[in-house]
Each structure stands twice: as C-alpha cells, then as structure tokens.
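Here is the structure we will look at, set down as structure tokens.
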Amino acid sequence: MDVPLVLALATLFRSMFGFGEALVAVPLLALCMPLQEAAPLAVLLSVVIATLVLLQDWRDVHWRSAAGLIGATVLGIPLGLALLTCPHPRAVRVALALLIIVFSLWSLTRRAPVKLTTDRPAWILACGFLAGLLGGAFGMNGPPLVVYGGMRRWSPVRFRATLQAYFLPASLLGMVGYGLDGLWVPAITHQLWVSLPWVVPAIWLGRVLNRRFHPETFIRYAYIGLTAIGVLLLEQSL
C-alpha cells in the first residue's frame with residue numbers, strides 16, 4: 001500500500017468531516033509498516049491537518065466549546081490510561097463499542113434528536129471527560145466530540161473547525177508522548193514530508209466538500225461515521 005496515497009485518503013476524510021482520519025490511516029498503514037510506526041504517523045498527520053485547517057478557518061472555531069472540551073479531556077486521560085491495565089480490556093472495549101453504536105443509531109432514528117442551543121457545562125464536562133478517557137485508553141478521542149457537536153447543531157464549517165481546535169493540542173500532546181517513548185523516529189517525519197504534496201491538496205478538497213453539505217445532512221453523516229467507528233471497535237474487540 002502506497003503511504004502517500006493512504007495519508008491523502010485519510011486527510012480527505014478528516015478534512016470533510018473533521019474527525020476519523022486514524023480509522024482510515026492506521027489499518028491501511030499497518031499493511032506496509034509496523035503498528036508502532038503507523039500510529040505515530042497518523043497522529044503527526046493529525047497535527048498537520050489541524051494546523052492547516054485552523055490557519056484557514058480559525059474564525060469559524062467555537063473557542064469556548066473547544067477550551068471546555070480540552071479542559072475536561074485532561075481530567076479523563078488518567079482514567080483512560082488506567083483502563084490500559086484493566087484485567088478485562090476486551091469487556092471494556094465491547095461495552096464502549098455497544099454504547100457508541102446504540103447512541104448513534106438512537107440519534108439517527110429518533111424524530112426529535114437532543115439539541116443544545118447553548119453550551120451546557122454538564123455536557124461539555126461529560127463529553128470532554130469521555131474523549132480523554134477514550135483517548136488515553138484507545139487513542140480514540142473523536143466519538144464524544146462528534147456527539148457534542150451534533151447536539152449543538154453546529155454548521156459543517158463550524159463543526160470541522162472547532163474539532164481541529166481540540167485535536168491540535170491533543171495531537172501535540174500525543175506526539176510528545178511518542179517522543180518520550182522513543183517511537184517518534186526520523187523515518188516517520190520523512191514519510192509525512194514526502195506525502196505533503198498529496199496531503200495538502202486533500203485538505204483543500206475536503207474543505208470544499210465540507211462547505212457543500214447541508215447542515216442536517218452533515219449531522220446524519222457524522223452519526224453514520226460514528227456508528228462505523230463503533231462497529232469497527234466491536235469487530236476488533238471480538
């Protein structure tokens with residue numbers, strides 16, 4: 001599998017929807033490199049995407065929401081790391097996957113989905129905390145953020161931009177961790193560097209497609225993507 005092509009596809013998905021590039025990149029990259037290199041490369045890609053998107057669309061970020069979610073995430077990371085040593089990790093993953101699937105399908109099928117007209121501290125704390133927990137345990141921050149953005153009914157443009165304001169510091173912290181563990185090696189940076197001619201146009205194309213979504217259609221696609229995350233996690237767990 002060609003690494004620049006994989007990173008371009010993952011970038012296009014992330015740039016369109018604001019999340020989910022790791023679901024595309026890591027399984028495909030693992031076909032051509034060790035997982036210990038694929039995961040840091042996906043996180044480094046996240047840093048680049050978030051940076052370039054924010055340089056373009058920082059005016060569309062809901063900064064208060066992003067700051068609240070980041071703060072709550074810091075609280076959830078220690079518990080997520082603790083789950084790594086849980087004596088029943090498979091049971092934890094299955095429960096998480098089922099929770100994601102059930103909530104996503106419920107949101108897709110009910111006639112009057114949950115809607116927040118303003119930021120609610122309780123929801124920010126819950127979603128941010130869960131994002132930190134999932135990020136610490138499984139490297140999967142996205143699902144609770146998608147839930148919160150969906151409830152806030154952000155436009156596709158604001159949804160995409162605000163998630164990048166969250167993912168940039170979260171991904172930078174992740175790369176610091178990989179560096180301390182000796183997993184951020186020069187070969188990973190080189191792979192990203194040679195892929196930039198593919199990645200940068202994919203960010204632009206994803207931005208164009210994102211702005212063509214109707215808001216309600218975008219929310220439905222976001223929950224469909226969230227359902228796919230849950231199904232993939234359940235399959236890996238079983």
Side-chain angles (χ1 to χ4, degrees), residues 1-58 60-61 134-135 138-143 145-146 156-157 159-213 218 221-222 224-226 228-229 231-233 235-236:
M1 183 67 67
D2 186 68
V3 172
L5 179 58
V6 170
L7 295 188
L9 291 173
T11 299
L12 180 61
F13 189 94
R14 164 77 170 268
S15 189
M16 275 197 297
F17 296 106
F19 70 99
E21 82 290 341
L23 291 173
V24 178
V26 174
L28 295 178
L29 289 173
L31 297 176
C32 55
M33 64 175 61
L35 186 60
Q36 290 82 358
E37 294 181 13
L41 180 54
V43 176
L44 187 58
L45 175 66
S46 175
V47 172
V48 172
I49 296 171
T51 300
L52 294 180
V53 170
L54 287 174
L55 287 173
Q56 292 177 310
D57 299 324
W58 60 270
D60 296 308
V61 174
L134 300 185
F138 310 115
M140 190 180 295
N141 302 69
L145 307 178
V146 176
V157 174
F159 188 103
R160 172 180 180 266
T162 302
L163 261 60
Q164 306 323 300
Y166 171 93
F167 280 124
L168 179 56
S171 298
L172 286 172
L173 287 173
M175 291 311 300
V176 170
Y178 285 129
L180 293 175
D181 288 341
L183 296 175
W184 185 3
V185 296
I188 291 172
T189 306
H190 175 74
Q191 289 282 11
L192 181 65
W193 180 254
V194 299
S195 301
L196 284 181
W198 295 69
V199 166
V200 174
I203 293 175
W204 173 82
L205 179 58
R207 184 174 188 262
V208 171
L209 295 174
N210 172 270
R211 290 169 181 264
R212 293 179 179 271
F213 280 120
F218 179 82
Y221 283 150
I224 290 171
L226 194 56
I229 292 174
V231 171
L232 180 61
L233 181 59
E235 180 184 4
Q236 292 175 342

Practice prompt. Would you confirm whether the ring centroid of F213 sits within less than 6.0 angstrom of the ring centroid of F17?
Written response: yes

Worksheet, complete the sentence: side chain to side chain contact (heavy atoms under 4.5 Å, CB included) test vs W198 passes for just one of V6, V3, L5, T11, namely L5

Shortest non-hydrogen contact from [X] to [Y]?
| X | Y | value |
| --- | --- | --- |
| V61 | A165 | CG1-CB, 3.6 Å |
| Q164 | I49 | OE1-CG2, 4.4 Å |
| V194 | P197 | O-CD, 3.4 Å |
| S171 | V43 | O-CG1, 3.5 Å |
| A202 | A8 | CB-O, 3.5 Å |
| M16 | F218 | O-CE1, 3.7 Å |

Rounded to the nearest 0.5 Å, what separation is found between the [atom1] atom of [X] and the [atom2] atom of [Y]?
| X | Y | atom1 | atom2 | value |
| --- | --- | --- | --- | --- |
| L44 | L172 | CG | CG | 9.5 Å |
| L54 | L163 | CG | CG | 10.5 Å |
| Q56 | W204 | CD | CH2 | 10.5 Å |
| M175 | L41 | CE | CG | 8.5 Å |

Worksheet item: Hey, are the side chains of L196 and L7 touching, using non-hydrogen atoms and a 4.5 Å cut-off?
Response: no

Worksheet item: Between F19 and L145, is any pair of side-chain heavy atoms under 4.5 Å apart?
Response: no

Worksheet item: Got a donor-acceptor contact below 3.5 angstrom from the E21 side chain to the S46 backbone?
Response: no

Practice prompt. Verify, without hydrogens or angle tests, whether D60 (side chain) and A161 (backbone) share a donor-acceptor contact under 3.5 angstrom.
Written response: no

Worksheet entry | By side-chain contact (heavy atoms from CB on, under 4.5 Å) - contacts of L173 (at least two apart) | none

Practice prompt. Applying side-chain contact (heavy atoms from CB on, under 4.5 Å), name anything that partners L55, two or more places apart in sequence or on another chain.
Written response: T51, L52

Item to complete: Only counting residues at least two apart or in another chain, list the ones meeting salt bridge (charged side-chain N to carboxylate O under 4.0 Å, His left out) with D57.
Response: R160, R207, R211

Discussion item. Can a side-chain donor-acceptor contact be found between T189 and W184 if the only test is distance below 3.5 angstrom?
Written reply: yes

